[in-house]
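Heads up: numbering here begins at 1 and tracks the sequence.
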Amino acid sequence: MPVTQIGRYEIEGTIGRGAMGIVYLARDPLIDRKVALKTLRLDVDADTADEFRERFLREAQAAGRLNHPGIVTIHDIGEDRASGVVYIAMEYIEGRDLKEILASGHRFRPSEAARIIADVAVALDYAHQMGVVHRDIKPGNLILTRDGSARIADFGIAHLESSNLTVDGQFIGTPNFMSPEQINGLPLDGRSDLFSLGVVLFTLLTGQRPFTAETMHQVTRKIIEEPPPIPSVVNPAVPAAFNPIVMKSLDKEPERRFQSGAELARVLATLARSLVRREPGDAEATAVQSADLET
């Protein structure tokens with residue numbers, strides 16, 4: 001039987017499915033507002049379910065403090081006893097995530113990629129200053145809106161989905177965009193997110209990930225031990241000016257990476273402005289928040 005209601009939310013359709021639940025398009029009848037309702041299953045053993053519920057509430061409450069135009073807003077969190085799910089009601093954004101756009105065969109111009117990543121870096125800088133680390137920056141969690149600006153989704157639940165919790169015996173999460181310290185289970189700060197963002201930048205520029213292999217174990221070993229390929233070598237159409245930016249972002253040692261999202265955003269925004277003169281059709285494709293970059 002189709003789901004018609006979760007909590008007070010009226011279900012209008014399905015947006016997508018993940019390893020741990022379903023994302024619905026729903027309506028909040030109290031204020032007649034559309035929301036993206038992400039549900040997470042708790043059909044695991046009781047001890048794990050209690051831990052999961054606690055961590056979900058803690059992470060979502062922390063993310064709910066964030067108020068930034070580059071971050072998808074969290075409106076509500078709760079648990080629906082009837083359906084056995086916890087849920088998070090988020091701002092509904094009309095747009096497509098970068099994973100979907102890349103899968104369609106679209107290739108981003110270098111200036112476009114620079115501005116998208118600069119937008120994300122500005123939003124991450126704000127979150128990190130608020131003490132919140134995303135932990136799962138990847139194309140599927142970055143939405144490009146109709147006006148071309150980038151928004152970060154899944155603050156508050158990314159930690160859960162990339163943790164060691166399992167569902168039906170299956171590991172949750174993918175290592176392809178993780179930092180070396182995250183793979184090694186070390187304490188994380190905002191520089192881990194910036195490593196992941198560097199992987200996304202490499203992917204947008206070249207059309208492929210910097211660390212690829214046939215097995216998860218081989219991928220994680222490459223992330224920890226091997227230097228990434230040089231972007232302009234992988235794709236000669238990539239301006240060489242990107243090489244030091246990407247390589248610094250993907251340094252194995254956090255101390256040698258960009259130390260803040262603002263620092264990375266300033267470098268990319270400057271590069272984007274120089275490139276757009278050669279790519280005039282991209283002049284209004286995305287909106288770097290210049291006011292934030294000056295702080």
[X] with [Y], same ILVMFWY side-chain cluster at under 4.5 Å:
X: Leu201; Y: Leu102; value: yes
X: Ile224; Y: Val199; value: yes
X: Phe202; Y: Ile245; value: yes
X: Leu197; Y: Leu188; value: no
X: Leu186; Y: Val219; value: no

Does any non-hydrogen side-chain atom of Leu144 lie less than 4.5 Å from one of Arg96?
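Result no, sub-4.5 Å side-chain heavy-atom pair not found.
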Would you say Val72 and Ile152 make side-chain contact, with heavy atoms under 4.5 Å?
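Contact flag for Val72/Ile152 side chains = no.
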Taking it one step at a time, do Arg191 and Asp189 satisfy salt bridge (charged side-chain N to carboxylate O under 4.0 Å, His left out)?
CA-CA 5 Å; Arg191 295 171 296 183; Asp189 59 26; 2.8 Å; yes
If you compare all heavy atoms of [X] against all heavy atoms of [Y], which two are closest, and at what distance to 0.1 Å?
X: Glu181; Y: Pro254; value: OE2-CG, 3.7 Å
X: Ala241; Y: Leu271; value: CB-CD1, 3.7 Å
X: Ile223; Y: Pro175; value: CD1-O, 3.1 Å

Test side-chain contact (heavy atoms from CB on, under 4.5 Å) applied to Arg109 and Leu275, step by step
CA-CA 10 Å; Arg109 291 185 292 274; Leu275 291 174; over 6 Å; no
Heavy atoms from other residues, nucleotides or ligands near [atom1] of [X] exceed 12 (cutoff 6.0 Å):
X: Glu214; atom1: CD; answer: no
X: Ile230; atom1: CD1; answer: no
X: Arg221; atom1: CZ; answer: no
X: Lys248; atom1: NZ; answer: yes

With side-chain contact (heavy atoms from CB on, under 4.5 Å) as the test, would you mind laying out the steps for Asp154 and Lys38 before giving the verdict?
CA-CA 9 Å; Asp154 275 9; Lys38 185 155 192 173; 2.8 Å; yes
Against [X], only a single residue in [options] fulfils side-chain contact (heavy atoms from CB on, under 4.5 Å); can you say which?
X: Tyr126; options: His128, Gln129, Met130; answer: Met130
X: Leu250; options: Pro180, Pro228, Pro229; answer: Pro228
X: Ile22; options: Ile11, Val3, Thr14, Leu40; answer: Thr14

[X] side chain to [Y] main-chain N or O, any donor-acceptor pair under 3.5 Å?
X: Glu112; Y: Ala114; answer: no
X: Asn141; Y: Asp136; answer: yes
X: Asp76; Y: Ala89; answer: no
X: Gln218; Y: Thr212; answer: no
X: Asp28; Y: Val35; answer: no
X: Gln259; Y: Arg257; answer: yes
X: Ser196; Y: Phe177; answer: yes
X: Gln182; Y: Arg135; answer: yes

[atom1]-[atom2] distance between [X] and [Y], expressed to the nearest 0.5 angstrom:
X: Arg151; Y: Asp119; atom1: CZ; atom2: CG; result: 10.5 Å
X: Ser149; Y: Ile116; atom1: OG; atom2: CD1; result: 10.0 Å
X: Ile137; Y: Ser179; atom1: CD1; atom2: OG; result: 11.5 Å
X: Ser260; Y: Leu194; atom1: OG; atom2: CG; result: 7.5 Å
X: Ile183; Y: Lys222; atom1: CD1; atom2: NZ; result: 13.0 Å

Run the side-chain contact (heavy atoms from CB on, under 4.5 Å) test on Glu100 and Ser104 for me, step by step, so that the C-alpha distance in whole Å, both residues' side-chain angles and the decisive distance to 0.1 Å come before the verdict.
CA-CA 6 Å; Glu100 181 183 356; Ser104 73; 6.0 Å; no
Is the ring centre of Tyr87 less than 6.0 Å from the ring centre of Tyr9?
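When the ring centroids of Tyr87 and Tyr9 are compared, they turn out to be within the sub-6.0 Å range.
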Would you check if there is a donor-acceptor pair between the side chains of Asn243 and Ser232 at a distance under 3.5 Å?
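Side chains of Ser232 and Asn243: pair found under 3.5 Å.
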With side-chain contact (heavy atoms from CB on, under 4.5 Å) as the test, would you mind laying out the steps for Phe242 and Leu268 before giving the verdict?
CA-CA 9 Å; Phe242 278 100; Leu268 285 173; 4.3 Å; yes
